[in-house]
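One structure is given below, encoded as C-alpha cells.
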Amino acid sequence: MRWKLILILLVTVAGLGAALGGVEWEKAKAALKNTAWWTFGPVIVCYLAAHAFRTLRLRTLLGKPIPFGSLFSINSIGFLSINVIPLRLGELVRPTLLAEKYPVSFGEGMAAIVLERLLDVAMLLFMLIGVTWWVELPQEGLVVQGIDVVSAGQRAAGTLLVVASIFAGVLIGVGEPAIAILERVPVAGRFAGFARRFREGMQSLLASPLRCLQVVLQTVALWGITLVGIGSFMWGFPGIPSSIGAVWTTWSITLAGMTAIPTPGFFGGYELFCTAALWLLEVDRDLGATFAITLHLGQFAFTCGLGGIFLVREGLSLRGLVVAPKDKAHE
C-alpha cells in the first residue's frame, strides 16, 4: 500500500512539473488580472445543477425511493472522498453510506456506482470520438509524455465498454449458473455477490424502458450542463477560445487524462492534459497552464467545500470514511 501511495505522489508531482514547469509567472499574473471572475458564478450554478442530475441518476439506477436531499448529501460526501482519498478507495464511500442509512446492501450500491461509471465512460468515448469534429489532430496524434491521448482514450474506453457489455450479457443470459462457476473460483469467488447484485440491477433497469430513458437523459443533462459551466469560465478568461468545439475538445481531453491518471484530487493529470488540449487550440502554453490550474483549483474547492458541508452536517469524519469502506469491501 505504501509503495502505491509513493508512486501516486511521484506521478502527481511529475504531472504538475510537466504542465507548470517553465511557465512565465508574469504572463500568468497578467492573465489572472484580466480575468472576468464573475464568470465563475455560472460555473458553480452549473456544477450544482449537474450534481443534482447526478443524484437523480443514482436514485434511478438504485430504483428505490431514497429522499433526494439525503442522496444529494451522500453524493457530495462521496465525491469529496474520491478527490481526497488515494487509490480510488473514495469510490467505496457512497455504497457504504447507502448501506448504513437505507435498505440498500453494499453490493447493490456498488453495482449502481459501476453502472454510473460505465455510462460516464460511454459519454467520454462519444466525446473523444467527437473531438475530430471540432479540431484537426496532428498526424502523429495529440502526444503527451509519449502517449497519443485521444487515441489511447478511445481504445481504453471502448475496450472497457466491450468487456463490460460481454460481462453483463453473460450474467443476464446465463444467470445463476455463471455466478455459481464464479463462486467456485478461489480468487474470483469474492466477487460473486457483486455479480449477482449487478445482474439484478441490470435486469431491473432493462425491464423498464422508461427508467433506461431517464438514466440516459440524466447522463446527457449532467454532461451538457458541465460543459456550459466550463464554457462560461473559458469565455471570461482572456485569450482562451470558448466556442462549442473548444469547450468540447478541452473537457474531453482533460477528462481522458483524469481517468488515465487518477491521482489525489486529479492534480497533475488534469493540468497536463488540459494544457495539451489548449495547445491543440493554439493557446499559448503559459496561458493554457494558468487557465488549467485556475479552473482545477476552483472545481476542487467546490467539490471539497460542498462535500465538507455535508460531512459536518452528517457528523462524519474523513478518517471514518477511509476505514469503513475498506471494512465493507472485505465483508
Side-chain angles (χ1 to χ4, degrees), residues 37-61 68 71-72 75-76 78-80 82-83 90-91 94 113 115-131 133-135 149-150 153 157 214-237 240-262 265-267 269-271 273-278 281 291-307:
W37 290 102
W38 65 266
T39 57
F40 213 88
V43 178
I44 295 173
V45 172
C46 288
Y47 284 174
L48 282 170
H51 199 64
F53 276 108
R54 187 175 284 111
T55 301
L56 289 172
R57 182 179 66 174
L58 182 56
R59 186 166 66 174
T60 304
L61 288 170
F68 175 84
L71 193 54
F72 188 92
N75 251 347
S76 300
F79 278 87
L80 162 66
I82 291 169
N83 273 269
E91 294 283 10
R94 285 184 290 166
I113 300 302
L115 284 172
E116 175 190 82
R117 289 306 187 194
L118 288 176
L119 285 164
D120 287 335
V121 168
M123 280 299 299
L124 176 58
L125 176 60
F126 171 72
M127 291 189 65
L128 284 173
I129 292 173
V131 164
W133 304 340
W134 307 107
V135 295
V149 178
V150 176
Q214 282 181 307
V215 167
V216 171
L217 292 177
Q218 288 158 355
T219 301
V220 172
L222 76 88
W223 277 67
I225 289 171
T226 301
L227 287 174
V228 171
I230 292 169
S232 171
F233 191 57
M234 290 177 73
W235 180 81
F237 209 95
I240 300 293
S242 56
S243 64
I244 295 175
V247 177
W248 181 297
T249 299
T250 301
W251 191 233
S252 300
I253 294 172
T254 302
L255 272 177
M258 292 165 62
T259 303
I261 310 177
F266 302 104
F267 284 99
Y270 188 113
E271 289 75 17
F273 287 86
C274 185
T275 303
L278 292 171
L281 298 169
F291 171 82
I293 190 64
T294 305
L295 179 62
H296 189 193
L297 287 175
Q299 291 175 320
F300 183 75
F302 170 83
T303 302
C304 292
L306 186 65

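Quick note: residue numbers are just sequence positions, from 1.
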Which value, rounded to the nearest 0.5 Å, describes the distance between [X] atom [atom1] and [Y] atom [atom2]?
| X | Y | atom1 | atom2 | result |
| --- | --- | --- | --- | --- |
| Arg94 | Leu71 | CZ | CG | 9.0 Å |
| Arg57 | Leu222 | CZ | CG | 5.0 Å |
| Trp251 | Leu295 | CH2 | CG | 6.5 Å |
| Leu255 | Thr226 | CG | OG1 | 8.5 Å |

Query raised in the report: For the residue pair Trp248 and Trp134, does the interplanar ring angle fall in the parallel (under 30°), tilted (30 to 60°) or perpendicular (over 60°) class?
Result: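 Taking Trp134 first and then Trp248, their aromatic rings sit tilted (interplane angle of 30° to 60°).
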Query raised in the report: Is the Phe233 ring parallel, tilted or perpendicular to the Phe237 ring (thresholds 30°, 60°)?
Result: perpendicular
Query raised in the report: Phe267 and Phe300: side-chain contact (heavy atoms from CB on, under 4.5 Å), yes or no, with the steps?
Result: CA-CA 9 Å; Phe267 284 99; Phe300 183 75; 3.9 Å; yes
Query raised in the report: Do the non-hydrogen side-chain atoms of Phe266 and Gln299 ever get within less than 4.5 Å of each other?
Result: no
Query raised in the report: Thr250 side chain to Leu278 main-chain N or O, any donor-acceptor pair under 3.5 Å?
Result: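 Checked: no pair found.
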Query raised in the report: Within a reach of under 6.0 Å around CG of Leu48, are more than 12 heavy atoms found that belong to other residues, nucleotides or ligands?
Result: yes
Query - Residues Phe126, Val220; criterion side-chain contact (heavy atoms from CB on, under 4.5 Å); working and verdict - result: CA-CA 11 Å; Phe126 171 72; Val220 172; over 6 Å; no
Query raised in the report: Pick from Gln214, Gln218, Glu116: which one makes a side-chain hydrogen bond (donor to acceptor under 3.5 Å, both in side chains) with Thr60?
Result: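 By the side-chain hydrogen bond (donor to acceptor under 3.5 Å, both in side chains) criterion, Thr60 pairs with just one of Gln214, Gln218, Glu116: Gln218.
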